[in-house]
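Structure, as C-alpha cells:
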Amino acid sequence: MKIYNTLSRQKEEFIPVEAGKVKMYNCGPTVYNYFHIGNARNLVVFDVIRRYFQFRGYEVSYAQNITDIDDKIIAQSITEGIPTDEVTRKYITAFLEDLDKLDVNPPDYQPRATQYISQMINFIRALEEKGYAYEAEGDVYFAVEKFAAYGKLSGKKLVDLKVGARVEENEQKRYPFDFTLWKKAKPGEPKWQSPWGEGRPGWHTECVVMSRDLLGETFDIHGGGNDLVFPHHENEIAQGEAYCGHPTVNYWLHNGFLNIEGEKMSKSAGNFFIARDVLQKYPAEAIRYFFLSKHYRSPIDFNEEIIQQSLAAVKTLYSALKDVDYLNQQDLPEYSEAQQKLKEQFLDVMDDDFNTARAIALLFEAGKEARNKDNSEEDRLRFARLLVELGSVLGFFRNLAEKLSAGEDISGKTASLIELLLTYRQDFKKEKNWQWADKIRNDLKELGINLKDTPQGTEWGIDENAKV
RNA sequence: GGCGGCAUCGCCAAGUGGUAAGGCAAGGGUCUGCAAAAUCCUCACCCCCGGUUCGAAUCCGGGUGUCGCCUCCA
C-alpha cells in the first residue's frame with residue numbers, strides 16, 4: 001500500500017509499527033456547535049481509510065479526540081447562557097448522533113480533553129524540565145526556537161513566518177510563534193489546579209498526550225483537515241518530539257477542504273452548512289458518494305446540483321441489487337475469476353493512496369455486470385455480491401435489507417388502498433380509458449408512489465428519492 | 001510578501017510518458033396504449049505558448065486563470 005505523507009510530500013509504502021496492526025488518530029471536533037459539512041468530509045474520509053485497512057486484514061485501533069475545553073466552548077456557554085459542561089454535553093450527544101446518521105463507524109476511542117488534565121499537566125511539566133517550555137504569569141508557552149525541526153511538516157521556516165507575521169501580539173511570549181501549553185483562567189472560567197496556578201490546557205497538547213496514551217509512543221497515522229497542518233499538527237510534532245526525542249507519528253494524512261459554490265465556507269458569508277441539516281435533506285449515502293467521488297486530498301466543491309447527481313448515481317447502484325432481487329437470495333455463489341479480478345483491481349486502486357474515485361468506477365462495473373441479462377443468473381448474483389462487499393468497504397449499503405425493502409413497510413390498510421386503486425386502473429386500462437388510467441398513475445406519483453406496468457401486472461413502489 | 005495545490009466532455013471526476021476510466025445529464029433504438037423502470041447505442045485529442053522525446057493530458061520552461069495555508073478553523 002502506498003499512502004501520501006504530508007511530512008515527505010510524497011506517497012510512501014505503508015509499513016506499520018507493529019505488523020498486522022494500524023494505529024490511527026484523527027483530530028476530532030471541538031464540541032461548541034453542530035459540526036458542518038466540511039467536518040463531515042473528514043469523518044467520512046477517515047472512516048473509509050479505517051474500513052479499508054480492516055478490509056486489508058489489519059487490526060485497526062482508531063482514536064479520535066473530542067475537545068471539550070476550549071475558548072470557543074466558553075464563548076458558546078456565554079452565548080447560550082448555560083454552563084460549559086452543558087454546552088459540551090449537548091454537542092457531544094449531537095456529534096454522536098450525526099456520526100451515526102452519516103454511516104460513520106464510531107472510533108475505538110473517543111477520549112475527551114477533560115479526562116486527561118492531569119496527564120497533560122505532567123506532560124507540560126516534563127517539557128518545562130527539558131527546557132522547551134516556560135511560564136509567564138500563570139501561562140505556559142512552548143518555545144518553538146528550542147525545537148530545531150519546527151516547521152518540517154508545513155514546510156514553513158520561522159524566518160518566513162516572521163515576515164508574513166499575522167500573529168497576535170503577546171508580550172509575554174518570548175517569540176511570536178510560541179504557543180500556549182497552559183492557559184491561566186480568568187474569573188468565572190472553567191479551571192483546574194496546576195503547578196502554575198488555576199487554568200486549563202492549551203489546544204495542541206491534548207492530541208499529543210491522548211494519542212500516546214491510547215496508541216503508544218509511536219503510532220502509524222495521524223489525520224485531520226488540511227488546515228490543521230499549521231499550526232496544530234506542527235505544534236503537536238514539536239511537543240511530541242521534544243518530549244521523547246524521536247518522531248511519534250509515521251504518516252501524516254490530511255484531507256482537502258470543502259468549499260461551497262467555490263467559496264470557503266464561513267458563517268459570516270452565510271454559506272455555512274450544518275451536517276445535520278444536509279442529512280435531513282439528502283441520504284447519507286448521497287453525501288458519502290459525493291465525498292468519495294473525488295480524491296480525499298483535493299479540494300471539493302459542495303452545491304445542490306452535485307448532491308443530486310450523487311444521489312442519482314447511488315440509486316443506479318441500488319437498482320442493480322434490486323434487479324437481482326438481492327434481498328431474497330440465500331446462499332450467494334462463490335466468486336469466480338471475473339469477480340476475483342475486479343476485486344483485485346479494487347485493491348490496486350485503493351492501495352494507491354485510497355483512490356476512491358476509481359474504486360467507485362469499479363463498483364459501477366460490478367453493478368453493470370449484475371444487471372447484464374447476458375450473464376448467467378449465477379454470475380449476476382456473484383457480481384451483486386461483489387458490489388455489496390466492495391461498496392461496504394467504502395461505507396455504502398448499511399442496513400441494506402431495510403433500504404431494499406423500502407416501501408414494504410407501508411401499513412396494511414394503505415397498501416390495500418393502493419391495491420384497490422390499481423384494480424380500478426386495471427379496469428380503465430381494459431376499457432382503454434387511458435385518460436383515467438394515467439390520471440391514477442400521475443396522482444399516485446405525486447404522492448410518491450411509482451407504478452410500473454409489467455407483463456405480469458402492475459407493480460408499485462415508494463419513491464425512494466429521499467431514502468435511496 | 002512567503003509557501004503550496006489545482007486547470008481533463010454541458011456538470012462531477014479518474015488517469016502522471018504510449019495514444020482519454022466512471023458517474024450525472026443529453027440524443028437515438030428496444031420494451032410500453034402512452035409512460036416509468038430496465039436495456040442497448042452515441043457523446044472529449046485534456047487552459048495557452050515554447051521545449052524534451054519515436055511518442056506528452058502526463059516531463060521541463062514561460063504565461064494566464066483559480067483555490068488554499070501563513071490567525072480560530074476539518
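Order of the sequence lines fixes the chain letters, A, B, ..., with proteins taken first and strands second; residue numbering starts at 1 for each chain. Computed over heavy atoms, backbone and side chain alike; hydrogens, waters and symmetry mates excluded.
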Taking only side-chain nitrogens and oxygens of [X], does any of them come within less than 4.0 Å of OP1 or OP2 of [N]?
X         : N      : answer
Lys430(A) : G33(B) : no
Arg371(A) : U39(B) : yes
Asn372(A) : U39(B) : no
Lys156(A) : C3(B)  : no
Ser298(A) : A13(B) : no
Ser154(A) : C3(B)  : no

Using atom [atom1] of each nucleotide, how far apart are [N] and [M] to the nearest Å?
N      : M      : atom1 : answer
G1(B)  : C12(B) : P     : 31 Å
A13(B) : C72(B) : P     : 30 Å
C60(B) : U53(B) : P     : 16 Å

Taking [atom1] from [X] and [atom2] from [N], how many angstroms apart are they, rounded to a whole number?
X         : N      : atom1 : atom2 : value
Phe291(A) : A74(B) : CZ    : P     : 14 Å
Asn303(A) : A13(B) : CG    : P     : 10 Å
Phe179(A) : U71(B) : CZ    : P     : 14 Å

Within the supplied structure, the quantity of interest is the number of heavy atoms (other residues, nucleotides, ligands) at a distance under 6.0 Å from Tyr424(A) OH; does it exceed 12?
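Count not over threshold, so no.
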
Is the base of G23(B) stacked against the aromatic ring of Phe364(A), taking ring centres under 5.5 Å apart and planes under 30° as the test?
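So Phe364(A) does not count as stacking on the base.
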
Residue Ala357(A), side-chain heavy atoms: nucleotide from C12(B), A14(B), G68(B) that is nearest:
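Between C12(B), A14(B), G68(B), the one nearest the side chain of Ala357(A) would be A14(B).
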
Look at the side chain of [X] against the base of [N] and say whether a donor-acceptor pair falls under 3.5 Å; ignore hydrogens and angles.
X         : N      : value
Glu305(A) : C11(B) : no
Arg441(A) : A35(B) : yes
Asp438(A) : G33(B) : yes
Asn259(A) : C67(B) : no

Side chain to side chain contact (heavy atoms under 4.5 Å, CB included) between Val48(A) and Met350(A), worked out:
CA-CA 10 Å; Val48(A) 168; Met350(A) 286 297 283; 4.1 Å; yes

Does Lys72(A) count as lying over the ring of Tyr32(A), i.e. NZ or CZ under 6.0 Å from the six-ring centre, within 45 degrees of the axis?
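Ring-cation test returns yes.
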
Hey, which of Asp47(A), Asp351(A), Thr356(A) is the one that makes side chain to side chain donor-acceptor pair (under 3.5 Å) with Tyr52(A)?
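Only one option passes, and that is Asp351(A).
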
Nearest atoms (heavy-atom pairs only) where Pro190(A) meets Thr84(A)
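So the two residues come closest at CG-OG1, 3.6 Å.
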
